[in-house]
Peer 1: 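Here's a structure for you.
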Amino acid sequence: MPLTLRTLLLHHLSALRMLLVLTVITGICYPLLITGIAQAAFPSQANGSLIGGNGGATGSRLIGQDFDLPKREGRPGGPDPKWFQPRPSAAGSAGYDPTSSGASNLGPDNPVLIRMIEERRAAVAAFDGVRPSGVPVDALTASGSGLDPHISRAYANQQVNRVARVRGLHPATVRKLVADHVEGRVGGFLGHGDVVNVVELNRDVAGVA
Amino acid sequence: MNDTLAGWLQILALVVALALSFRPLGDYMAYVLTSPRHWRLERLLYRLGGVSGDADQTWTAFLRSVLAFSLVSVLFLYGFLRLQNHFLLALGTPAMDADQSFNTAVSFVTNTNWQSYSGESALGHLVQMAGLAVQNFVSAAVGIAVVAALIRGFTRQKTDRVGNFWVDLTRIVLRVLLPLCAVFAIVLVASGVVQNFHGFHTVGTLSGSTQSIPGGPVASQEVIKELGTNGGGFYNANSAHPFENPNGFTNWLEIYLLLVIAVSLPRTFGTMVGDRRQGYAIVGVMALIWAASVAVVTANELHSVSSTAGHTAGGMMEGKENRFGIWSSALFAVSTTLTSCGAVNSFHDSYTPGGGGMTIFNMMLGEIAPGGTGSGLYGILVLAVVAVFVAGLMVGRTPEYLGKKLRGRQMKFASLYILTTPAVVLTGAGIAMALPGERAAMLNPGPHGFSEVLYAFTSAANNNGSAFAGLSANTAWYNTALGLAMLVGRFLPVVFILALAGSLAAEQPVPVNAGTLPTHRLLFVGLLTGVILIVVGLTYFPALALGPLAEGLR
């Protein structure tokens, strides 16, 4: 077939028709089918694993939250001592903003990152009343998503005395709650274990007090 | 169980799962690509599309179909993005700017999925599922169609026909990708990945503040994002986002999905050429490179001394999620950069110089171990042709591979293929570094800033799509330059592959004799691995020296 403008146009028209047909199948039918099955079989997961009581959802068990004091005159209130604190977050200007997920992207030798880590170490140690050298790494670094719902068991344990004191609870009660919330690896070996879901932990701490 | 044992077990489980899939999936794809029978649904599609499903095409006709389909795909997606605010489920997002729409359309059509936008704030649900995710399916199928044509070049003789693009495309989508996606999308949902059509849902948080929880048809897109080695995240944080990748199991499953087709295609190749040992040799080389890379990145990330920040913090957890830790993050990073996937579960920009540098080197290998869906196999087959040629030079006889003599014409196509992406990477990064405005897009100072630019062009030209994401790439210049890099990096090699396929198909096979280099033995595995490392090493050494090596050797 000679390559004339007409055959070229017809050829591209066919290509467009194939694209449209495949769009209907893979872009409309397939996601609708999956959504239908998901909503029927796994409605809780499909809708974001929301947690909360009768007063409506207080968040998702998968999405980390900030546990800060209320803003004062537009300035961030800083960490609230009655809550277990999550990791630092680079999502949005105030952190834990799901409309702006993401990481700091600061490089391995970036002086800005090194200074941030040093400042966080001093601040967290003072806040929790522990030695600076003992602060665990996840308390000093921002996660990839900025929405990490987990903290390490070590970081949770470090915060027990502070939370118990501010809430007027016995430290052993709070320590037991932390222990109950420690998650292992999936199937014993997938992912990283020894982590605590800080959203669920705080929900249950609030339930005790 | 300690970290090290769990880490090893996770890798072992992955290798076992891939090994178990290798035979059934590889043979099934070979059947799909060679079966003379059409499904009734497929015949209907050919009729609706106005294409012929019965006649095989010459390599030029095959190429014209690939290019026509890709061109209308770019234009369609570009228009969709420019007008997305007028459609259903736009969630109040505005139309995308012209340069970013060009970049994004090209990115998804070329199987790259470089993203200069942030999914949750820039796009509505409809354009994600009916625009971007469609390209996730079809761009993966295009890659497999092209490698199928190349394999037919080896198996056929004295013909000018290399297959029918429309048949390959349709069958790969309907018979391979869609069924696998439907099953694993449900598995992902059951494990916590969201699948709905909600917009942002505002909740009052425990501490009395508010938070906007996003929605979207994520699971259906997540699964093809991995399976088709596309890598474009529904949300900005990609597979680090808890709604895309909620736990250690989904993480492992996503790594499996992004590897499984590319790992099984050598079996398809072996089956189609009638000598499965040829496929084992190819997959052996892929596995060797992958294993070495996993070792390098994991070791670097576990030992934080090469990073001042990591040393200060006591570990390399910046940009990594607690539920994944070092082992699962490093395994994902290696697998995603050695395939052309580019999804990330942790942010490579904050990796150690050795770990992050290795992710760049992985992409520089040309996405061949195991590489993208289809593109990985055709990439490594070209290198196999070069390896056979090098061996032929050593003993002074005309090289042959799979019974086909490799003459000047074939070697020219193979050489052009190998030269294309390095030329794009080095020219692009060089120009960016020469322009003060473009240099200013770097987030990090010193050699790491250069690594960000080098990573961007390496990722674009090799159709990977991951990033050292500190680079502010949403500028008219980067959107245009990286868009062109993706186009050239995808389609020029496709031209050379199909030309090679056509020239091989036309040849008469030669019988094996005592002088033929056996290409299924360990000797060839070693030779091919050596050729790959030398070709890539020599091409990119100066660029790597200025970036990751300079960082690591302070």
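Just so we're on the same page: letters track the sequence lines, and every chain starts at 1. Note that this is a predicted model, so its numbers are computed, not measured.
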Peer 1: Mind ranking A:Val24, A:Ile25, A:Asn202 by heavy-atom pairs under 4.5 Å with chain B and telling me who comes out on top?
Peer 2: A:Ile25
Peer 1: Please rank B:Ala190, B:Ala61, B:Gly449 by heavy-atom pairs under 4.5 Å with chain A and give me the top one.
Peer 2: B:Ala190
Peer 1: Please state whether the side chain, the backbone, both or neither of A:Leu50 comes within less than 4.5 Å of a heavy atom of chain B.
Peer 2: side chain
Peer 1: Tell me, side chain or backbone of B:Gln135 under 4.5 Å from chain A's heavy atoms, or both, or neither?
Peer 2: side chain
Peer 1: Quick check: do A:Ser100 and B:Ser121 have side-chain heavy atoms less than 4.5 Å from each other?
Peer 2: no
Peer 1: Nearest 0.5 Å please: distance from the CD1 atom of A:Ile51 over to the CG atom of B:Leu206.
Peer 2: 6.0 Å
Peer 1: Please state whether the side chain, the backbone, both or neither of A:Arg115 comes within less than 4.5 Å of a heavy atom of chain B.
Peer 2: neither
Peer 1: Tabulate, in ascending numerical order, the residues of residues 177-186 of chain A having at least one heavy atom closer than 4.5 Å to a heavy atom of chain B, or enter 'none'.
Peer 2: A:Arg185, A:Val186
Peer 1: Heavy atoms only: give me the nearest A:Arg87-B:Lys320 pair and the separation to one decimal.
Peer 2: NH1-O, 2.7 Å
Peer 1: Chain B heavy atoms under 4.5 Å from A:Tyr30: which part of the residue, side chain, backbone, both or neither?
Peer 2: side chain
Peer 1: Go through the atoms of B:Leu71 and report whether side chain, backbone, both or neither lie under 4.5 Å from a heavy atom of chain A.
Peer 2: side chain
Peer 1: Among side-chain atoms of A:Asp109 and B:His448, is any donor-acceptor pair under 3.5 angstrom?
Peer 2: no
Peer 1: Taking the side chain as every heavy atom from C-beta outward, state whether A:His11 and B:Arg64 have any pair of such atoms under 4.5 Å apart.
Peer 2: yes
Peer 1: Quick one: what part of B:Phe324 sits under 4.5 Å from any heavy atom of chain A, side chain, backbone, both or neither?
Peer 2: backbone
Peer 1: Between the side chains of B:Ser191 and A:Gln45, does any donor sit under 3.5 Å from an acceptor?
Peer 2: no
Peer 1: For chain A, find which of B:Ala467, B:Ser209, B:Cys181 contributes the most heavy-atom pairs closer than 4.5 angstrom.
Peer 2: B:Cys181
Peer 1: So B:Leu169 and A:Leu22, do their side chains get closer than 4.5 Å, heavy atoms only?
Peer 2: yes
Peer 1: With only heavy atoms counted, which part of B:Ser207 is less than 4.5 Å from chain A, the side chain, the backbone, both or neither?
Peer 2: both
Peer 1: Is it the side chain or the backbone of B:Ser346 that comes within 4.5 Å of chain A heavy atoms, both, or neither?
Peer 2: neither
Peer 1: For each of B:Gly470, B:Ala309, B:Ser451, tally heavy-atom pairs with chain A at distances under 4.5 Å, and name the one with the top tally.
Peer 2: B:Ala309
Peer 1: Chain A heavy atoms under 4.5 Å from B:Asn238: which part of the residue, side chain, backbone, both or neither?
Peer 2: neither
Peer 1: Tell me, out of A:Ser14, A:Pro108, A:Gly191, who's got the most heavy-atom pairs with chain B below 4.5 Å.
Peer 2: A:Pro108
Peer 1: Please confirm whether the backbone N or O of A:His150 pairs with a side-chain atom of B:Asn322, one donor and one acceptor, at under 3.5 Å?
Peer 2: yes
Peer 1: Which region of B:Tyr351, side chain (C-beta onward) or backbone (N, CA, C, O), has a non-hydrogen atom less than 4.5 Å from a non-hydrogen atom of chain A, or is it both or neither?
Peer 2: backbone
Peer 1: For the residue pair A:Gly146 and B:Glu321, what are the closest heavy atoms and their distance?
Peer 2: N-OE2, 4.3 Å
Peer 1: Would you mind telling me which of A:Pro88, A:Pro98, A:Gly102 has the largest number of heavy-atom pairs within less than 4.5 Å of chain B?
Peer 2: A:Pro98
Peer 1: With a 4.5 angstrom heavy-atom cut-off, could you sort out which part of A:Asp80 is near chain B: side chain, backbone, both or neither?
Peer 2: neither
Peer 1: Looking at A:Leu106, A:Asp194, A:Ile117, which makes the most heavy-atom pairs under 4.5 Å with chain B?
Peer 2: A:Leu106
Peer 1: Output the option from B:Leu48, B:Ile213, B:Val51, B:Asn251 having the highest count of non-hydrogen pairs under 4.5 Å with chain A.
Peer 2: B:Leu48
Peer 1: Do the side-chain N and O atoms of B:Glu318 and A:Ser104 include a donor-acceptor pair separated by under 3.5 angstrom?
Peer 2: yes
Peer 1: With chain B, which of A:Leu140, A:Val195, A:Asn110 has the greatest number of heavy-atom pairs at distances under 4.5 Å?
Peer 2: A:Asn110
Peer 1: B:Pro217, B:Ser304, B:Pro445: which one forms the most heavy-atom pairs within less than 4.5 Å of chain A?
Peer 2: B:Pro445
Peer 1: So for B:Val223, is it side chain, backbone, both, or neither that comes closer than 4.5 Å to the heavy atoms of chain A?
Peer 2: side chain
Peer 1: Apply the test side chain to side chain contact (heavy atoms under 4.5 Å, CB included) to residues A:Thr58 and B:Thr205: give CA-CA distance (whole Å), side-chain angles for both, the deciding distance (0.1 Å), then the verdict.
Peer 2: CA-CA 5 Å; A:Thr58 53; B:Thr205 64; 6.0 Å; no
Peer 1: So which part of B:Leu174 gets closer than 4.5 Å to some heavy atom of chain A, the side chain, the backbone, both or neither?
Peer 2: side chain
Peer 1: What's the spacing between B:Tyr235 OH and A:Thr99 OG1 if we round to 0.5 Å?
Peer 2: 12.0 Å
Peer 1: Considering only heavy atoms, which portion of B:Trp327 lies under 4.5 Å from any heavy atom of chain A: side chain, backbone, both, or neither?
Peer 2: neither
Peer 1: Among the options B:Leu9, B:Val218, B:Val193, B:Val189, pick out the one with the most heavy-atom pairs lying under 4.5 Å from chain A.
Peer 2: B:Val189
Peer 1: Under 4.5 Å heavy-atom distance to chain A, tell me which part of B:Ala133 shows up: side chain, backbone, both or neither.
Peer 2: neither
Peer 1: With a 4.5 angstrom heavy-atom cut-off, is it the side chain or the backbone of B:Thr250 that approaches chain A, or both, or neither?
Peer 2: neither
Peer 1: Measure B:His201 against the heavy atoms of chain A and call it side chain, backbone, both or neither at under 4.5 Å.
Peer 2: side chain
Peer 1: Between A:Val21, A:Ile114, A:Asp97, A:Leu13, which shows the greatest number of heavy-atom pairs under 4.5 Å with chain B?
Peer 2: A:Ile114
Peer 1: Taking the side chain as C-beta and beyond, is there a heavy-atom pair between B:Phe243 and A:Ser60 under 4.5 Å?
Peer 2: yes
